[in-house]
Each structure stands twice: as C-alpha cells, then as structure tokens.
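A short worksheet on the structure shown next.
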Amino acid sequence: MVLLSVPLWLRSRLTDRFWRVQEVLKYARHFRGRKNRCYKLAVRNVQRAFVKSTKARKQKKRFLRALWITRIEAASLEHGLKYSAFISNLFKTQVELNRKMIADLAIYEPKTFKSLAALAQRRRQEGFLAALGDGKEPEGIFSRIVHHY
Amino acid sequence: MTGRGTASRFLTAVLHNGVGRYVRQLQRLQVVFSPVAPDARGARQFVEEEAVDFARRHPDVVLYVRPCDCPAPVLQAEYLNGTVREELIASKTSEEIVQLAAKLASQSGLDIVRIRKPFHTANPSVQGQWHPLTNKPSSLTVRGPRTAPQ
C-alpha cells in the first residue's frame, strides 16, 4: 500500500540547527561587536564579507602595483631620477624587469638598483644627444637594440 | 572563505627537510577495508596486486593492511609531525588508489590551507637590506681618524 500524503500527526523536527548556525558563525568569529555572536547579524555581515573578498581580488592587483610604483619612485628619487624617466629609459634599454622585481631589488639589493638607475640615466643622456645633436656623433652604446627574432 | 576568516600559513619545509638529507614525512599508511563490501573492490585489488610493489618502492613507509568490518574503505596516512589524514577509497580503481597513495607519500604533514606566498627565504638580502643611510654619503656614518690629540 503506497501512502501518498503524510498524516497530520507526523512531525519532523530540525535536529541539526546548531551545526547549520555554526557553519555561518565560523566565518564571523573575527568580527567586532555582536555580529561575531548573533546569527541574525552575522548572516548579513558574512555575506558582505564574501562579496568584498571576491571583489578585492581584482583590487589587490591594483593596490600592489601602486605600492611597487611608490617604492620605485622613492628609490629612484634617491638616485636623482624621476619614476617616469627611470621606467621609460629602462624599457628602452630592453631591461624587462617588472615593477615587483624592481621594488624588491630596491629594498634588498640597493647596489643593483643603483646600477639600474645609472643605466637609465645614461640611456636618458644618449637619448637627449640623439635628439638634440646634429647627427655627427655616433649612436650611443646603450641605445642599441638586440632583436631576438 | 575570506583571507582572514580562513586559516593560512607561510611556505615552510618541516624542520628544513631537504637542506641535508631528505626524510620522507609519511610515517605509516593503513589500508582499512572490508573483505566483502562491493565498494571495497578496488581496495582489495590494490592489496592483492599493488601493495607489495608500493611497499618496495617506498621502503621508509610502513604499510598496514587491515581487513575489518568497516562501513567505508579508507586510506589513513600518519605523518611525522602527528597529522592524520584519511582518504576515502570507495569505488576507486586500483590504479587510482596507487596514485593516491603516491600523492600522500610525497606530502609533508603540514596543514593544507592557503599558502600566503609561493616563496620563502631566510636570507632575502645579499647586498644588505636598504636602510635610510644606505645611499647617503659615508661622512654621516663613519667617524674618521682623530687628527689632533685631545
């Protein structure tokens, strides 16, 4: 005999409410105030925290790049170059270091960074000579381009 | 699933393993399965065919085979730092179990959580870390020889 409807006196009660609540509260334990204890407040704030964490993945890349640029600017100003001059001349000498590596070199390898700044400065001077000179002087050494193809 | 809401750790090797001799971090591997249940077929095949070869290839791992009346077949790995990891091997083929065992043998017992950076070094600086007096003239730091006697 197949019973298609449940009789009204048959009750089913929720037995694992504690664990369902803990699943949400475990992500709220480091919050401030009542939202780390009370489920109703925690649910909203855990949802917001997840959304912010998703959006922050793109923003982290922007923040870190801005941080590296600030550090490179400070380090190159110590050697008398502005950031724009440093980066553009380094690019023209085919030194393909990204900003993360240059910032790490500036912190942990200051002599290497000094030599990079000197290289960029020399390339800058050669660029000025090539632009303002009369074409009688030979091309600068650091202005030579190596073709890898 | 936030950065601060979940656990994370830095990249380390257990007790600088690999600097000198490499010590395999897997201590023992227990194959717990039931001799009758249908989903333990792969486990039984593994024990019959591949377990001895596995034990020969990894001489520093102790392999225990435990046929018992358990609900689900399990591969239990214990590591030298005390972590115990259990992997279900229900309805897996013998080759998959071999691959799983090899993976467990190559792991260290550190927690499997987010690793903050994929690199770690104890000596980040070779030329000396930058400090505010690095690029200043040395007359600020070095006191030269005293010329006139006091």
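Numbered from 1 within each chain, the chains take letters A, B, ... in sequence-line order.
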Within 6.0 Å of [atom1] in [X], more than 12 heavy atoms from elsewhere:
X	atom1	value
B/Arg44	CZ	yes
A/Leu10	CG	yes
A/Leu77	CG	yes
A/Phe50	CZ	yes
B/Leu140	CG	yes

Could you tell me which portion of A/Ala106 (side chain, backbone, both or neither) has an atom closer than 4.5 angstrom to a non-hydrogen atom of chain B?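 For A/Ala106, backbone heavy atoms alone lie under 4.5 Å from chain B.
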So which donor and acceptor atoms of chain B and chain A come within less than 3.5 Å of each other?
{"from": "B/Ser125", "atom 1": "OG", "to": "A/Tyr108", "atom 2": "O", "distance (Å)": "2.7"}
{"from": "B/Val126", "atom 1": "N", "to": "A/Glu109", "atom 2": "OE2", "distance (Å)": "2.8"}
{"from": "B/Gln127", "atom 1": "N", "to": "A/Glu109", "atom 2": "OE2", "distance (Å)": "3.3"}
{"from": "B/Gln127", "atom 1": "OE1", "to": "A/Lys111", "atom 2": "N", "distance (Å)": "3.0"}
{"from": "B/Gln127", "atom 1": "OE1", "to": "A/Thr112", "atom 2": "N", "distance (Å)": "3.2"}
{"from": "B/Gln127", "atom 1": "OE1", "to": "A/Thr112", "atom 2": "OG1", "distance (Å)": "3.4"}
{"from": "B/Gln127", "atom 1": "NE2", "to": "A/Thr112", "atom 2": "OG1", "distance (Å)": "2.8"}
{"from": "B/Trp130", "atom 1": "N", "to": "A/Ile107", "atom 2": "O", "distance (Å)": "2.8"}
{"from": "B/Trp130", "atom 1": "NE1", "to": "A/Glu78", "atom 2": "OE1", "distance (Å)": "3.1"}
{"from": "B/Asn135", "atom 1": "ND2", "to": "A/Glu78", "atom 2": "OE1", "distance (Å)": "2.6"}

Measure across A/Pro110 and B/Gly128 and return the closest heavy-atom pair with its distance rounded to 0.1 Å. CD-O, 3.1 Å
Can you get from B/Val47 to B/Leu63 by hopping between Ile, Leu, Val, Met, Phe, Trp and Tyr side chains that sit under 4.5 Å apart? yes
Starting from A/Ile69, can I reach A/Ile87 by hopping between I/L/V/M/F/W/Y residues whose side chains sit under 4.5 Å apart? yes
